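Structure, as structure tokens:
Keep in mind that what you see is a predicted model, and the values were worked out from it rather than measured. All heavy atoms count here, side chains included; hydrogens, waters and symmetry mates do not. Just so we're on the same page: letters track the sequence lines, and every chain starts at 1.
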Amino acid sequence: MKIPHHLTDKFAKYTVLVCAASSVIILAAITVFIVLQGMPTFQKVGVFDFLFGTEWRPTYDKYGILAMIVGSTAVTIGALAQAIPLGIACAILLAEVAPNRIRSFLRPAVELLVGIPSVIYGLIGMVLIVPAVRHIGGSGFSILAACLVLTAMVLPTIISISEDSIRAVPHAYKEGALALGATRWQTISRVLLPSARSGIIASIVLGMGRAVGETMAMIMVIGNAIAFPKSPLDPARTLTGNIAVEINYATGTHESALFATGIVLLIFIIVLNTITTVVLRRGIQKHAEHLT
Amino acid sequence: MKKLNTNLKKKSFVATLLVLSIALVTLAGCGGESATTATKTTTSTTYTLAGTITESGSTTVQPLAERLGAAFTALYPKVTVIIQGGGSSVGIKSATDGTVDIGAASRDLKDSEKPGLGETVIARDGIAIIAHSSQTVSNLTKQQIIDIFSGKITNWKELGGADKKITVVSREEGSGTRSAFEELVMGSDNKIVDTAILQSSNGAVRTTIAGDPNAIAYLSCGYVDNAVKVVSIDGVAGTEANVKNGTYKIVRPLLFVTKGQPTGLVKEFIDFCLSDAGQKIVSEDYISVK
């Protein structure tokens, strides 16, 4: 028996629609749930005291997450400061400099790095990086150790997306630059990198998202202390770590405060995603302008 | 190159589909199995026990519960005992909600948690003070321990050791071991210092201490092994022997909590835990209640 084409078309249309709707429903459900669970904290503690309070002692009804906001921010900035130059340099190597033989070996290696579970990064951090940082000072469980581990985790994202966007630059640009007598490095730094800028920025924002969201590896190397960190060698706690470390034992307001931490994280991520979208859209528009 | 890429993409798509379908089939298989276990429970005779017991809660109780569960299932092969961690508060909450048959707790129940719950003390456990195996300080007074954990003493040289900063390692808020330590040692006036490194399980605390020459922590006696050094309190070390003969005072109960009084299979399991055979397993690492 043959099914008429207009029926299969309709069937496909509605199947796709249901699939698309389900992802929206899941997102809405998560948001509603987190907000409902976290709201009581904002009412009880107050938005200002919650965001800017420096003391987190649930047993004594103190719920301030400023130290964790600082922890998350410090770790993210620290990791990006190392990962951006390294990642872009590696992307240039892969896209322009390395011969195909080396690239065919390096590229899968970089992609494999993405697939390593974060708990493995954490384990290696705990066994190798934490003792190494201890030689510099402090207990080793520190923002510095967390930055080093996170750098390794963010690198592959930055490398692979940056490389793709450098490769996506129209060949004519490169040929034109070389034909005008530009050296290889001039071509890369003055023509290819500026043209691939939007993609590179997108890779950085995606990397930032990964850095903010990373939980397991951070818990294992950052020490999770609730004190306000004063130096890179001090232990700290990230927003995600705060939830993961304490949710097992939390009840009542304590539990709600962890959901409120989740709301803060969600807003963090939404802002980052919006930036990515804007940057990407601008990049596409620019590209279109170039072509006309 | 491009053609190769699309080819590869097609291949990896097919591979993903394959993996997905295998996962689905496996999942479906699991569902089928648990369904048959359920039927087994209803048709079993009273002589051979069958069914599933779920337990979650304190990570201190977890290894003990696993051993008790294994011994119980060795006696009754048709019984499955599923043990999960989560922490004391989770155990109590899950038992109250009825999401598990047994909740495990390594601290006394709060008054707000008690209504509607049945509690059985299955073992007792000491909390030892531990340091790195190379630590030269081997005895502390209770006051010194309070001062270390509240941040008043910050250097090992104040305790007769090397001139090194002390790394205080603790458990997170809500942990049964932490609340027992706070109650039995710190007292209500002394908070654990906020610069303390927090680890979220007994195992992670032990790993941290084993790796850091300047660290100190408290740990469930059941978790103490050769990787760390036990520091005495007022001349008494937190060893099993000292807990058993009553000279070591930092001891807390390990509880099995049930919604209402235990019945049926769950009661059989708890009775087994309290029996001579069960308590023999308890006494391997913890202190028997008999």
Side-chain angles (χ1 to χ4, degrees), chain A residues 54-60 62-64 67 100 103-104 108 111 122-123 126-128 130-131 133-135 137-142 145 164 167 215-216 219-230 233-237 241-252 254-255 257-258, chain B residues 1-2 4-5 8 12 56-59 84-94 96 105-107 110 112-113 151 164-179 182-183 188 191-201 204 207-216:
Chain A
T54 52
E55 215 180 339
W56 175 270
R57 284 191 185 271
T59 317
Y60 300 92
K62 295 257 170 61
Y63 302 97
N100 257 346
R103 181 179 182 267
S104 64
E111 274 164 6
L123 204 60
M126 209 172 174
V127 179
L128 289 180
V130 167
V133 172
R134 192 175 297 139
H135 285 296
S139 67
F141 291 94
S142 58
D164 286 344
R167 277 179 180 275
T215 312
M216 192 64 212
I219 293 177
M220 292 170 83
V221 299
I222 204 169
N224 307 315
I226 48 173
F228 201 90
K230 294 186 188 68
L233 295 174
D234 280 348
R237 186 184 283 195
N242 190 39
I243 301 175
V245 166
E246 296 197 354
I247 195 70
N248 281 345
Y249 294 97
T251 48
H254 186 186
E255 189 179 15
L258 295 180
Chain B
M1 195 66 206
K2 259 208 175 132
L4 202 124
N5 250 339
L8 263 180
S12 64
S56 84
S58 166
T59 58
Q84 288 170 296
S88 297
S89 300
V90 165
I92 295 163
K93 202 172 156 222
S94 308
T96 314
S106 54
R107 58 168 169 83
K110 294 175 195 160
S112 61
E113 293 168 334
K164 295 278 183 196
K165 217 171 159 256
I166 301 175
T167 307
V168 176
V169 181
S170 171
R171 292 288 305 280
E172 74 286 17
E173 295 239 8
S175 142
T177 314
R178 177 175 174 142
S179 41
E182 283 176 329
E183 181 191 324
S188 52
K191 293 181 194 171
I192 291 180
V193 63
D194 61 2
T195 50
I197 304 285
L198 300 186
Q199 294 293 7
S200 55
S201 71
T207 314
T208 308
I209 297 296
D212 187 342
N214 307 317
I216 189 166

(message) If we define contacts as heavy-atom pairs under 4.5 Å, which of B:K164, B:K165, B:Q199 has the most with chain A?
(response) B:Q199
(message) How close do A:P235 and B:T195 get, counting heavy atoms only, and between which atoms?
(response) CG-O, 3.8 Å
(request) List the atom of B:D194, the atom of A:A225, and the distance in Å for their closest heavy-atom pair. (result) O-CB, 3.7 Å
Which atoms of [X] approach chain A - backbone, side chain, both or neither, heavy atom under 4.5 Å:
X	value
B:V193	backbone
B:S94	neither
B:S179	neither
B:D212	both

(message) Could you go through A:R134 and B:T167, starting from their C-alpha distance and side-chain angles, then the distance that decides it, and tell me whether this counts as side-chain contact (heavy atoms from CB on, under 4.5 Å)?
(response) CA-CA 11 Å; A:R134 192 175 297 139; B:T167 307; over 6 Å; no
(request) Against chain B, label A:P131 side chain, backbone, both or neither, depending on which of its atoms sit under 4.5 Å from a heavy atom there. (result) neither
(request) Heavy-atom distances under 4.5 Å only: say whether A:Y60 touches chain B with side chain, backbone, both or neither. (result) side chain
(request) Would you mind reporting whether A:F141 and B:T208 have side-chain heavy atoms less than 4.5 Å apart? (result) yes
(message) Assess whether a salt bridge exists between B:K93 and A:E255, defined as any Lys/Arg side-chain N lying under 4.0 Å from an Asp/Glu carboxylate O.
(response) yes
(message) Taking B:K191's backbone N and O only, do any of them form a donor-acceptor pair with A:R57's side chain (distance below 3.5 Å, no angle check)?
(response) no
(request) Report yes or no: does B:E173 contribute a side-chain atom to a donor-acceptor pair with the main-chain N or O of A:T59 at less than 3.5 Å? (result) yes
(request) Give the C-alpha distance, both sets of side-chain angles, the deciding distance and a yes or no for side-chain contact (heavy atoms from CB on, under 4.5 Å) between A:N224 and B:E172. (result) CA-CA 9 Å; A:N224 307 315; B:E172 74 286 17; over 6 Å; no
(message) Counting heavy-atom pairs under 4.5 Å with chain B, which one of A:V245, A:I219, A:V127 comes out on top?
(response) A:V245
(request) For chain B, find which of A:A244, A:G138, A:A227, A:G140 contributes the most heavy-atom pairs closer than 4.5 angstrom. (result) A:A227
(request) Kindly compute the distance separating OG (A:S139) from CD1 (B:I166), expressed to the nearest 0.5 Å. (result) 13.0 Å
